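Contents: one structure, followed by commentary.
Because the structure is a prediction, the values reported are computed rather than measured. The first residue of the sequence shown is numbered 1, and numbering continues consecutively from there.
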Amino acid sequence: MENGAVIEAVCGRFVGRGSGTYPTIADFEYNEITIFSLSKKGFIKYSQETTSIGDDTPMHQEMGYLRLGADQSVEFLVVQPTGLTEVSVGSVAILGDGSVEISSGCVPMSSPSAKAVRRIERKFTFDSLGLAYWISMATNDVFLSHHLSGVLTRKVSVN
């Protein structure tokens with residue numbers, strides 16, 4: 001698999017809505033902007049910001065890097081201002097319809113003041129129209145459960 005095809009599919013500015021659920025909180029929805037762009041060193045930079053629907057109050061943000069391996073492997077490095085850091089490993093695949101799927105999982109590290117998270121799994125599917133994603137999470141109190149999902153439209157290709 002050529003990393004160039006993956007980079008072309010992944011890089012862009014994506015805008016849309018997502019929703020969240022978890023056994024310990026009320027369901028919610030949000031606006032989202034996610035950007036994947038190629039750095040001058042060849043890594044894919046990642047940033048994500050969400051706001052509340054209606055008044056655009058900031059809700060969540062995270063940033064990091066996506067590192068593609070030559071063997072269809074991927075490393076997804078994500079840091080959140082809440083004190084959570086992910087160093088995930090996973091795989092990348094080009095599906096039969098030409099879309100690109102990236103799956104990763106990790107046992108994240110939490111700062112002393114952050115809520116303890118025991119596992120995070122992410123799945124992204126990119127196609128010519130946009131990005132769909134699913135995120136699952138486990139904490140001290142809850143086994144691995146669906147937490148977030150969204151469908152975002154590609155607004156700009158970014159390389």
Side-chain angles (χ1 to χ4, degrees), residues 1-21 29-53 56 58-111 114 117-138 144-159:
M1 171 188 328
E2 295 270 337
N3 280 349
V6 175
I7 290 168
E8 184 177 330
V10 169
C11 287
R13 181 175 185 270
F14 303 90
V15 178
R17 285 200 172 169
S19 62
T21 187
E29 294 185 336
Y30 50 88
N31 299 311
E32 179 172 348
I33 298 173
T34 294
I35 300 170
F36 288 90
S37 61
L38 193 60
S39 76
K40 291 180 182 178
K41 300 262 312 177
F43 300 113
I44 299 172
K45 297 184 287 186
Y46 163 76
S47 67
Q48 181 254 22
E49 294 186 16
T50 63
T51 58
S52 62
I53 294 174
D56 280 335
M59 292 178 66
H60 179 79
Q61 60 186 12
E62 56 188 42
M63 57 185 16
Y65 292 93
L66 186 65
R67 296 169 27 127
L68 302 174
D71 59 352
Q72 298 181 333
S73 66
V74 66
E75 296 173 355
F76 197 26
L77 316 171
V78 178
V79 64
Q80 300 178 23
T82 58
L84 188 67
T85 301
E86 301 171 46
V87 179
S88 298
V89 294
S91 62
V92 59
I94 298 179
L95 305 180
D97 62 1
S99 62
V100 172
E101 182 177 279
I102 296 175
S103 299
S104 67
C106 75
V107 176
M109 295 179 58
S110 300
S111 69
V117 175
R118 297 292 176 217
R119 181 151 184 87
I120 294 179
E121 294 182 358
R122 296 175 182 255
K123 181 179 176 183
F124 296 91
T125 301
F126 299 86
D127 62 23
S128 61
L129 301 177
L131 157 66
Y133 68 87
W134 302 264
I135 300 173
S136 297
M137 179 175 73
L144 189 65
S145 301
H146 171 71
H147 181 42
L148 303 169
S149 60
V151 176
L152 311 179
T153 302
R154 183 183 301 272
K155 294 297 183 182
V156 176
S157 291
V158 178
N159 286 345

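In this structure, Val79 and Leu77 have side chains that are not in contact, with every pair of non-hydrogen atoms separated by 4.5 Å or more. Side chains of Val117 and Val107 form no contact here, defined as non-hydrogen atoms less than 4.5 Å apart. Looking at Val10 and Ile102, their side chains come closer than 4.5 Å, going by heavy atoms from C-beta outward. When side chains are defined from C-beta on, Val78 does not count as touching Thr85, because their heavy atoms never get closer than 4.5 Å. Phe124 is listed as a side-chain neighbour of Arg122, based on a closest heavy-atom distance under 4.5 Å. At a threshold of 4.5 Å between non-hydrogen side-chain atoms, the residues Leu131 and Thr34 count as touching. The shortest distance between side-chain heavy atoms of Tyr133 and Thr125 does not fall below 4.5 Å. Put simply, the side chain of Thr21 reaches to within 4.5 Å of the side chain of His146, judged on heavy atoms.
Glu86 and Pro108 get closest at one heavy-atom pair: CG-CB, 4.2 Å. Closest approach of Asp127 to Leu129, counting heavy atoms only: OD1-N, 2.9 Å. Considering all non-hydrogen atoms of both residues, Ser149 and Trp134 come closest at CB-CD1, 3.9 Å.
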> How far apart are the C-alpha atoms of Gln48 and His60, what are their side-chain angles, what is the distance that settles it, and do they pass the side chain to side chain contact (heavy atoms under 4.5 Å, CB included) test?
Replying inline: CA-CA 8 Å; Gln48 181 254 22; His60 179 79; 3.3 Å; yes
> Between Cys106 and Val87, does a side chain to side chain contact (heavy atoms under 4.5 Å, CB included) hold up when you go through it step by step?
Replying inline: CA-CA 6 Å; Cys106 75; Val87 179; 5.8 Å; no
> Checking side chain to side chain contact (heavy atoms under 4.5 Å, CB included) for the pair Leu152/Val15: CA distance, chi angles, key distance, verdict?
Replying inline: CA-CA 5 Å; Leu152 311 179; Val15 178; 5.9 Å; no
>> Determine whether Val89 and Phe76 satisfy the following criterion, side chain to side chain contact (heavy atoms under 4.5 Å, CB included), listing intermediate values before the conclusion.
In response: CA-CA 6 Å; Val89 294; Phe76 197 26; over 6 Å; no
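Atom-to-atom distance recorded for Ser104:OG and Ile135:CD1 is 9.0 Å, nearest 0.5 angstrom. Interatomic distance, Ser39 OG to Ile44 CD1, rounded to the nearest 0.5 Å: 9.0 Å. Atoms CG and CD, from Asp56 and Glu49 in turn, are 11.0 Å apart once rounded to the nearest 0.5 Å. Of the inter-residue distances, the one linking Thr51 atom OG1 with Asn31 atom CG reads 4.0 Å to the nearest 0.5 angstrom. In this structure, the separation between OH on Tyr65 and OG on Ser47 is 10.5 Å, given to the nearest 0.5 Å. The structure places CG of Leu38 at 10.5 Å from CG of Leu66, a figure rounded to the nearest 0.5 Å.
One N or O on the side chain of Arg154 and one on the backbone of Cys11 form a donor-acceptor pair closer than 3.5 Å.
Note: Tyr46 and Phe36 have tilted aromatic rings, judged against thresholds of 30 and 60 degrees for the angle between ring planes.
A salt bridge does not link Glu32 to Lys155: none of the charged side-chain nitrogens sits closer than 4.0 Å to a carboxylate oxygen. With respect to Glu121 and Lys123, no salt bridge is recorded, no charged nitrogen being found less than 4.0 Å from a carboxylate O.
Annotation: Met59, atom CE; neighbour count of heavy atoms from other residues, nucleotides and ligands within 6.0 Å is above 12.
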